[in-house]
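In what follows, a structure is listed as structure tokens, so that the remarks can point back to it.
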Amino acid sequence: MKTRLLLSAIALTTFVQAQPIINSSVYPTAGTTVSFTQANSASVSEGSSGASQSWNFASLVPIGNNYSSDYISATGTPYISSFPGSNLVAVTDDGQGGFIYTYYTHSTSATLMNGFGYDSQ
């Protein structure tokens, strides 16, 4: 009986799939570049919330420029004195010669956005 119960438990756990957990290990770190594109979201819906949901954004229509943010250490960046304690910065080219600096305090337990700085050209 114990063997049959153990085999049933093993078989059951093989077919159970949990919802993914997003944690600090997937957040960009210094040296990471993240690319993104502006899009018109009027043609998509995020669908229902809750467990076992699947969303399809295939009809999303790009409408603007492509951008990228380079994540770097906050040390030595232009606005670090305005955001003490920040240890990570996303630097984004505004497409017109300027840069947007987004300051974060990032750790294994939390990521906090502290503020923005902007250098226009």
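Please read all numbers here as calculations on a predicted model, not as lab measurements. All residue numbers refer to positions in the sequence shown, counting from 1.
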**Message:** Does T105 form a side chain to side chain contact (heavy atoms under 4.5 Å, CB included) with N114? I'd like the steps, not just the answer.
**Reply:** CA-CA 7 Å; T105 301; N114 300 322; 2.8 Å; yes
**Request:** Starting from the C-alpha separation in whole Å, work towards a yes-or-no answer on side chain to side chain contact (heavy atoms under 4.5 Å, CB included) for Y118 and D94.
**Result:** CA-CA 9 Å; Y118 180 57; D94 71 357; 2.4 Å; yes
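Between the NE2 atom of H106 and the OG1 atom of T111 there is a distance of 4.5 Å, given to the nearest 0.5 Å.
The minimum heavy-atom distance between Y103 and T77, with the atom names listed, is OH-OG1, 2.8 Å. Nearest heavy atom pair, residue P62 against residue T37, reads CB-CG2, 4.0 Å. Residue S86 comes nearest to I80 through the heavy atom pair O-CD1, 3.7 Å, listed as atom of the first residue, atom of the second, then distance. A pairwise comparison of heavy atoms in T29 and L88 identifies C-CD1, 4.0 Å as the closest pair. The heavy-atom pair separating W55 from S48 by the smallest distance is NE1-O, 3.2 Å. Here the closest non-hydrogen pair linking A90 and Y104 is CB-CE1, 4.1 Å.
Side-chain N/O atoms of S73 and N87 include no donor and acceptor closer than 3.5 Å. Residues S69 and T92 bring a donor and an acceptor atom of their side chains to less than 3.5 Å of each other.
Shown here are the side-chain hydrogen bond (donor to acceptor under 3.5 Å, both in side chains) partners of D119, two or more places apart in sequence or in another chain: Y79.
Contact check for V91 versus I72: side-chain heavy atoms found under the 4.5 Å cut-off.
Connection of F116 to Y27 is established within a shared hydrophobic cluster, with ILVMFWY side chains joined at heavy-atom distances below 4.5 Å, either directly or through further cluster members. Taking hydrophobic clusters as Ile, Leu, Val, Met, Phe, Trp and Tyr residues chained together by side-chain heavy-atom distances below 4.5 Å, M113 shares a cluster with Y71.
Summarising the hydrophobic clusters (Ile, Leu, Val, Met, Phe, Trp, Tyr; side-chain heavy atoms under 4.5 Å, direct or chained), the residues clustered with Y67 are F36.
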